[in-house]
Every structure is written in C-alpha cells, then in structure tokens.
Asks: 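Here it is, the structure in full.
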Amino acid sequence: MTDTSANNEPLTPRMKQGLAVAWVLIVLTVGACIFLGTWWNISGVRRDELITATAAGQVTPTEPEQAARLTAVAAAPQQTESAAGSADGTLDLARQLGVGWGKLPVRWADVEPQPGNLNWEALDAFFAGAAARNQKVLVTVYAAPDWSRAVTAENRSGPPDNPIAYATFISQLMQRYRGAIHAVEIWSEMNSDREWYVAGGLNSASYMQLLLPAARAVRSVDPGVLIISGGLNPTGVDDGILAIDDFRYLRELINMGMLDFVDCVGVHHK
C-alpha cells in the first residue's frame with residue numbers, strides 16, 4: 001500500500017501567505033498590462049511636442065492633452081483664413097479648459113521668406129484672437145529662412161549665419177505684438193541636427209551666440225517678457241552629429257552662464 005500522507009499534508013501559514021502574495025502580484029501585473037494597453041490605444045497625444053518651461057515664470061502646462069491642443073501653428077501667408085479659424089478653435093478650447101497660457105510656434109522662414117518681405121497676416125489673426133480672450137502667449141521662434149543660411153538641406157532647419165539677424169527678427173516680432181507676447185522661447189531642440197543644421201555641427205557654444213543677442217532684443221522691447229531657453233530634444237542619442245544628449249548639452253549651457261540670461265529653462269518631454 002502506497003503512503004500518500006506527505007501529499008495530503010495541510011498548508012502551513014507561511015505557505016498560504018506566499019501563495020496569496022503570488023496571486024496578488026499576478027492580478028496586479030495583468031491589470032497593469034490591460035490598463036497600459038488601453039491607455040496607449042486611446043491616447044493620441046504626441047508627448048514630444050509638449051514643452052514645459054520651469055522656473056520663476058511658472059509657464060508650465062502640466063497636462064499633455066491640454067498642451068497639445070493649445071499648440072497653434074503659424075501658417076503660411078496663403079493659409080491665413082484657415083489659420084485664423086484654427087487659432088480661434090484652440091483659443092476657445094483653452095478658455096473652456098481654464099488654461100491661461102497658449103504656445104505659438106513661429107517659423108521665421110514663413111514670416112520672412114525674402115529679406116525684408118514680412119507677412120504678419122497669420123500672426124495678426126492669432127494675436128487678435130488671443131487678446132480678445134485675455135490669453136497669455138508663449139512664442140517659440142525658430143527655423144531661419146534659407147536666405148539667411150549658407151548651409152541648407154531638405155527636412156533640416158537651422159539658425160542664421162549671423163545671430164544678429166535672428167535678434168533683429170525677434171525685435172520686430174516683439175515690437176509688433178508688444179503686450180501680446182508674454183514669453184519667448186529662444187529656438188527649439190538645438191541639440192538635434194534636425195533643428196540645428198549648420199556647417200560647424202552641433203555645438204552648445206554656438207547656441208549661446210544666438211541666445212545672448214536674442215535675449216537682449218527681448219529685454220530692450222519689453223523687460224517684463226519671460227525669456228525661455230530652447231527646449232532640448234531627449235533623443236537618447238549622444239554621437240555629436242545627429243544629436244547631443246540633452247542633459248549634457250544643458251550642463252554645458254549652464255556652465256557657460258546661460259541662467260544669467262534666461263528666466264526659465266525650456267524642457268521637451270517624450
């Protein structure tokens with residue numbers, strides 16, 4: 001006769017506790033997977049477009065969905081009417097959400113496609129709508145026109161060869177919309193060759209050469225406007241050609257005294 005008493009031995013309290021813990025962990029893991037899968041499918045937010053400016057000014061849109069919806073793109077001159085309608089829609093949404101700040105990317109190349117030939121129609125429409133709704137505006141000024149750059153490439157943006165040209169454009173922008181612009185982000189993602197395509201390659205010192213005259217231009221027109229450093233791209237690449245690690249790039253800027261010239265540090269999240 002076979003002895004089966006060992007198989008029928010009752011579970012000890014320690015064994016029961018271990019099984020309970022294991023079961024709870026399995027349930028939590030499965031639940032987390034279901035939640036994350038559902039969230040990923042329904043979320044249409046491009047988090048890489050969210051900019052959080054952190055510092056004294058507290059220009060911090062903390063909800064990715066709100067920030068994405070509030071981003072109004074400055075359209076080309078021939079798209080003025082549709083741009084105005086789109087701007088009104090985003091501004092109305094901001095008002096409904098109770099968000100007091102909106103972010104407006106301003107492509108210099110679109111506003112001044114030829115030297116001295118500036119078309120402000122799309123921006124006029126946006127700022128008129130923002131003023132009517134008492135909306136504060138953060139502008140990101142980037143994308144120098146090709147006529148200001150010796151080195152260009154398809155799908156690559158970059159600063160002008162002469163930083164003073166950029167400062168001059170910012171001064172014109174600030175003067176035209178004095179009191180309607182409340183914060184200025186100086187360029188964007190300059191640690192990536194997609195936005196900083198120049199003969200000398202990626203270089204934090206070259207960004208400082210652009211930042212300083214631009215910051216002075218903002219201060220000279222309206223000292224109360226917040227100056228924000230360009231949000232860096234967290235690419236995960238640090239080869240010095242396609243990209244420089246955003247933390248390393250920021251440390252270099254800080255070591256060069258950037259914080260003496262800006263009120264906020266721009267950050268891009270992914």
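Positions are given from 1 along the sequence.
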Asks: Between Leu242 and Ile244, is there shared hydrophobic-cluster membership here, with clusters defined by ILVMFWY side-chain heavy atoms closer than 4.5 Å?
Replies: no
Asks: Kindly write out the residues that satisfy salt bridge (charged side-chain N to carboxylate O under 4.0 Å, His left out) with Asp193, not counting sequence neighbours, or none if the list is empty.
Replies: Arg156
Asks: Just so I know, are the side chains of Asp263 and Val225 near enough to count as touching, which here means a heavy-atom distance under 4.5 Å?
Replies: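 SC-SC contact between Asp263 and Val225 ruled out.
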Asks: Side chains of Val262 and Leu211: does their closest heavy-atom pair fall under 4.5 Å?
Replies: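 Yes, close enough: below the 4.5 Å cut-off.
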Asks: Taking only residues two or more places apart in sequence, or in another chain, which ones meet Ser206 in a side chain to side chain donor-acceptor pair (under 3.5 Å)?
Replies: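 For Ser206, the residues satisfying side chain to side chain donor-acceptor pair (under 3.5 Å) (neighbours in sequence not counted) are Trp196.
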Asks: Any side-chain heavy-atom pair from Leu123 and Leu104 closer than 4.5 angstrom?
Replies: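 In contact.
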Asks: Using the side chain to side chain donor-acceptor pair (under 3.5 Å) criterion, which residues pair with Gln172? Sequence neighbours excluded.
Replies: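 For Gln172 there are no side chain to side chain donor-acceptor pair (under 3.5 Å) partners, ignoring immediate neighbours.
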Asks: Please check this pair: side chain of Arg178 against backbone of Val221, looking for a donor-acceptor N/O pair closer than 3.5 Å.
Replies: yes
Asks: Measuring from Asn203:CG to Asn191:CG, what's the distance to the nearest 0.5 Å?
Replies: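 Spacing of CG (Asn203) from CG (Asn191) equals 12.0 Å.
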Asks: Looking at residues at least two apart in the chain, or sitting in another chain, which of them share a salt bridge (charged side-chain N to carboxylate O under 4.0 Å, His left out) with Asp161?
Replies: none
Asks: Could you check if a side-chain atom of Val184 sits within less than 4.5 angstrom of a side-chain atom of Ile227, using non-hydrogen atoms only?
Replies: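 Result no, sub-4.5 Å side-chain heavy-atom pair not found.
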Asks: Counting only heavy atoms not in Asp260 (residues, nucleotides, ligands), do more than 12 fall under 6.0 Å from its CG?
Replies: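 Count over threshold, so yes.
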Asks: Measuring from atom CD of Glu189 to atom OH of Tyr142, what distance do you get when rounded to the nearest 0.5 angstrom?
Replies: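 The OH atom of Tyr142 is 9.5 Å from CD of Glu189, to the nearest 0.5 Å.
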Asks: How close do Ser220 and Ala217 get, heavy atom to heavy atom, and via which atoms?
Replies: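 That would be OG-O, 2.8 Å.
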Asks: Do any pairs count as a salt bridge (charged side-chain N to carboxylate O under 4.0 Å, His left out) and have a residue in residues 200-212, sequence neighbours left out, and if so which ones?
Replies: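 Counting only pairs at least two positions apart or across chains, no salt bridge (charged side-chain N to carboxylate O under 4.0 Å, His left out) contact touches residues 200-212.
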Asks: Over all heavy atoms of both residues, which pair between Ala167 and Pro213 is shortest? Give the atoms and the distance, please.
Replies: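 Where Ala167 meets Pro213 most closely, the heavy atoms are CB-O, 3.6 Å.
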Asks: Do Phe169 and Leu118 have side chains that approach each other closer than 4.5 Å (heavy atoms only, starting at C-beta)?
Replies: yes
Asks: Could you list all the ring-ring contact (aromatic ring centres under 6.0 Å, His included) pairs where at least one residue sits in residues 210-266, not counting sequence neighbours?
Replies: none
Asks: Return a table of donor-acceptor pairs under 3.5 angstrom between the side chains of residues 251-258 and protein atoms on other chains or two or more places apart.
Replies:
residue, atom, partner, partner atom, Å
Glu252, OE1, Ser204, OG, 2.7
Glu252, OE2, Arg248, NH1, 3.2
Asn255, ND2, Arg251, O, 3.2

Asks: Which residues pass the side chain to side chain donor-acceptor pair (under 3.5 Å) test with Arg176, sequence neighbours left out?
Replies: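 If we apply the side chain to side chain donor-acceptor pair (under 3.5 Å) test to Arg176, skipping adjacent residues, the hits are Asp124.
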Asks: Any heavy-atom pair between the side chains of Asp222 and Ile181 that's under 4.5 Å?
Replies: no
Asks: State whether the side chain of Gln135 and the backbone N or O of Asp92 hold a donor-acceptor pair below 3.5 Å, judged by distance alone.
Replies: no
Asks: Hey, could you give me the CZ/CG distance between Arg194 and Asn233, rounded to the nearest 0.5 Å?
Replies: 5.5 Å
Asks: Which pair of non-hydrogen atoms, one from Pro159 and one from Arg149, has the smallest distance, and what is that distance?
Replies: O-CG, 3.3 Å
Asks: Taking Gly231's backbone N and O only, do any of them form a donor-acceptor pair with Glu185's side chain (distance below 3.5 Å, no angle check)?
Replies: yes
Asks: So, using side chain to side chain contact (heavy atoms under 4.5 Å, CB included) as the criterion, who are the partners of Pro234 when residues are at least two apart?
Replies: Asp246, His268, Lys270
Asks: Give me the atom names and distance for the closest heavy-atom approach of Ala109 to Pro145.
Replies: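 Shortest heavy-atom contact: CB-CA, 3.7 Å.
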Asks: Quick one, Val139 and Tyr177 - any side-chain contact, counting heavy atoms below 4.5 Å?
Replies: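 When only atoms from C-beta onward are counted, Tyr177 and Val139 do not touch, as no gap falls below 4.5 Å.
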Asks: Can you hop from Val198 to Leu212 via hydrophobic side chains spaced under 4.5 Å?
Replies: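 As far as the 4.5 Å side-chain criterion goes, Leu212 and Val198 are connected within one cluster.
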Asks: Which ILVMFWY residues can you reach from Val151 by hopping between side chains whose heavy atoms are under 4.5 Å apart?
Replies: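 Answer for Val151: Tyr197.
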Asks: Among all residues two or more places apart in sequence or in another chain, which pass the side chain to side chain contact (heavy atoms under 4.5 Å, CB included) test with Ala214?
Replies: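 Scan of Ala214 (side chain to side chain contact (heavy atoms under 4.5 Å, CB included), adjacent residues dropped) gives Tyr166, Ile170, Ile186.
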Asks: By side chain to side chain donor-acceptor pair (under 3.5 Å), which residues pair with Trp187, not counting sequence neighbours?
Replies: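 Listed in chain order: nothing, the list is empty.
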Asks: Is the shortest side-chain heavy-atom distance between Trp147 and Glu112 below 4.5 Å?
Replies: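 Heavy-atom side-chain distance check passes, below 4.5 Å.
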Asks: What distance do Leu202 atom CG and Tyr207 atom OH have between them, rounded to the nearest 0.5 Å?
Replies: 14.0 Å
Asks: Looking at Ile164, is its backbone amide N or carbonyl O close enough to the side chain of Thr168 to form a donor-acceptor pair, meaning the two atoms are under 3.5 Å apart?
Replies: yes
Asks: Is it the case that the side chain of Ser192 and the backbone of Ala243 share a donor-acceptor pair, with hydrogens and angles ignored and the cut-off at 3.5 Å?
Replies: no
